[in-house]
Amino acid sequence: MKEQKTGMVILLNVIGIFLYTVGMRSFAAPAKIAPGGASGIAILVNYVTGFPIGVFCTLFSLPLLAIVWKKKIFKPVFVWKAVCSILLLSLMTDLLEPILPHYQGNPLLAALFAGAFLGVGQGMVYLGTSDTGGITLIGLILQRKFPQLHVGTVSSGINCIIVLASGIVYRNIESILYAIVTVYVAGLFMNKLISSANAKGLIIVMSECTDRIRCIFLEEKEGITILKGEGGYTSETQRVIMGAADKADCARIQRRIQREDPKALIIVSEASNVSGKRFGQMI
């Protein structure tokens with residue numbers, strides 16, 4: 001993933017954490033839904049003891065981040081950004097609680113909207129190369145080692161275990177069912193957001209100016225592979241350039257290639273799954 005500007009990182013984290021807070025405070029907690037993760041445990045603890053949700057999330061996540069720091073699983077800059085995100089989540093969760101509206105209507109709608117807000121919020125924080133802490137750190141750790149895994153899918157699987165505990169606390173099986181809906185929807189929204197933001201394009205170029213086209217990819221700092229092809233009609237040997245790039249960069253690269261060689265055959269297609277090298281990792 002390419003480096004982002006500091007302003008964009010801050011914006012993604014602030015908006016993402018706010019949306020996450022809305023999902024938790026306005027929909028999940030009032031409907032007695034524990035959506036897994038540290039926040040889900042915090043909601044259950046708050047229901048039983050009244051302990052502040054935001055404070056609990058901080059106390060739960062910071063020791064886990066300390067382990068991440070000690071074992072050097074991630075770079076220090078990521079750990080510090082995660083600490084800032086966790087503290088901001090704690091502050092928003094507790095300070096905005098009297099201000100945010102509390103939905104008291106249909107529990108199914110509450111579950112759906114809670115999942116949407118939580119999923120989009122978490123997804124934006126991940127795109128800001130940070131984390132809200134808690135159980136989701138496990139998803140990030142696994143995703144770092146296995147780039148083909150989706151963070152949302154891994155987190156959803158772990159969170160389902162926590163969701164089952166909500167039935168015991170609330171003594172209502174419907175709370176479990178609504179929580180499962182919330183976790184599932186959150187995973188869908190998070191995966192969709194991250195996949196869309198990190199969408200890649202596969203570029204295949206056939207040109208008589210292979211060396212000049214190759215230089216364009218190198219100037220754009222995109223990796224390429226040069227294949228040996230053969231013309232179907234002429235049987236002439238020709239080099240074929242294949243590369244993967246962010247979808248936002250594909251149009252610019254295509255225009256540069258066309259200016260360099262107007263006769264070049266350019267094929268750009270969507271790559272649904274690109275992993276390895278610099279692709280497929282959030283951090």
Side-chain angles (χ1 to χ4, degrees), residues 13-14 16-69 79-105 107 110-111 113-122 125 130-140 155-183 185-186 190:
N13 276 275
V14 172
I17 289 171
F18 175 74
L19 293 177
Y20 190 90
T21 301
V22 171
M24 186 164 45
R25 277 299 192 181
S26 297
F27 295 100
K32 296 182 178 180
I33 296 173
S39 59
I41 300 175
I43 290 174
L44 295 178
V45 172
N46 174 262
Y47 178 78
V48 175
T49 67
F51 194 83
I53 293 177
V55 175
F56 182 90
C57 289
T58 300
L59 295 177
F60 183 93
S61 299
L62 289 184
L64 186 57
L65 274 177
I67 296 174
V68 170
W69 173 280
V79 176
W80 282 114
K81 283 192 287 186
V83 169
C84 293
S85 296
I86 291 169
L87 293 176
L88 181 59
L89 175 62
S90 177
L91 290 173
M92 281 194 179
T93 301
D94 290 340
L95 296 181
L96 296 181
E97 192 273 335
I99 302 175
L100 293 174
H102 295 178
Y103 179 72
Q104 300 288 348
F113 277 90
F117 276 99
L118 292 173
V120 173
Q122 280 188 316
V125 172
S130 187
D131 183 49
T132 54
I135 303 300
T136 54
L137 279 174
I138 299 176
L140 276 173
S155 299
S156 295
I158 299 173
N159 290 335
C160 283
I161 300 175
I162 300 173
V163 165
L164 296 176
S166 66
I168 300 175
V169 175
Y170 293 127
R171 297 181 181 180
N172 185 354
I173 192 173
E174 288 188 352
S175 295
I176 298 177
L177 300 178
Y178 289 134
I180 291 174
V181 171
T182 298
V183 172
V185 172
M190 183 163 56

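For this chain, numbers begin at 1 and follow the sequence in order. Remember, predicted model here, so these are calculated numbers, not experimental data.
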Between A31 and A110, which heavy-atom pair has the shortest distance, and what is it?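 Taking A31 first and A110 second, the nearest heavy atoms are CB-CB, 3.7 Å.
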Over all heavy atoms of both residues, which pair between V181 and A111 is shortest? Give the atoms and the distance, please.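 It is CG1-CB, 4.1 Å.
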Can you tell me how far apart [atom1] ([X]) and [atom2] ([Y]) are? Round to the nearest 0.5 Å.
X    : Y    : atom1 : atom2 : result
F56  : S61  : CZ    : OG    : 9.0 Å
I162 : S39  : CD1   : OG    : 8.5 Å
N172 : K32  : CG    : NZ    : 7.5 Å
S166 : L164 : OG    : CG    : 7.5 Å
E174 : I33  : CD    : CD1   : 10.5 Å

Residues that T182 engages under side-chain hydrogen bond (donor to acceptor under 3.5 Å, both in side chains), provided they are two or more places apart: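 Per chain and number, T182 pairs via side-chain hydrogen bond (donor to acceptor under 3.5 Å, both in side chains) with no residue.
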Evaluate the side-chain proximity of V163 to I176: yes if any heavy-atom separation is below 4.5 Å, no if none is.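 Result yes, sub-4.5 Å side-chain heavy-atom pair found.
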Quick one: do L88 and N13 satisfy side-chain contact (heavy atoms from CB on, under 4.5 Å)? Show the steps, please. CA-CA 9 Å; L88 181 59; N13 276 275; 5.6 Å; no
Evaluation steps, side-chain contact (heavy atoms from CB on, under 4.5 Å), between Y170 and Y178: CA-CA 12 Å; Y170 293 127; Y178 289 134; over 6 Å; no
Does the ring center of F27 lie less than 6.0 Å from the ring center of F117?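 Yes - the distance between ring centres of F27 and F117 falls below the 6.0 Å cut-off.
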Would T21 and I17 count as a side-chain contact (heavy atoms from CB on, under 4.5 Å) here? Give the steps. CA-CA 6 Å; T21 301; I17 289 171; 4.2 Å; yes
Counting only N and O atoms by type, is there a donor-acceptor contact under 3.5 Å from the side chain of S130 to the main-chain atoms of K81?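 Looks like yes, one N/O pair under 3.5 Å.
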In a table with atom names and distances, give each donor-acceptor pair under 3.5 Å that connects a side chain of residues 90-104 to protein atoms at least two apart or in another chain.
residue: S90; atom: OG; partner: G54; partner atom: O; Å: 2.9
residue: S90; atom: OG; partner: T58; partner atom: OG1; Å: 3.2
residue: T93; atom: OG1; partner: L89; partner atom: O; Å: 2.6
residue: D94; atom: OD1; partner: G54; partner atom: N; Å: 2.9
residue: D94; atom: OD2; partner: G54; partner atom: N; Å: 3.4
residue: D94; atom: OD2; partner: V55; partner atom: N; Å: 3.3
residue: H102; atom: NE2; partner: E97; partner atom: O; Å: 3.3
residue: Y103; atom: OH; partner: N106; partner atom: N; Å: 3.0

Show me the donor-acceptor pairs, under 3.5 Å and distance only, between side chains in residues 41-51 and residues at least two apart or in other chains.
residue: N46; atom: ND2; partner: F51; partner atom: O; Å: 2.9
residue: T49; atom: OG1; partner: V45; partner atom: O; Å: 2.7
residue: T49; atom: OG1; partner: F51; partner atom: N; Å: 3.2

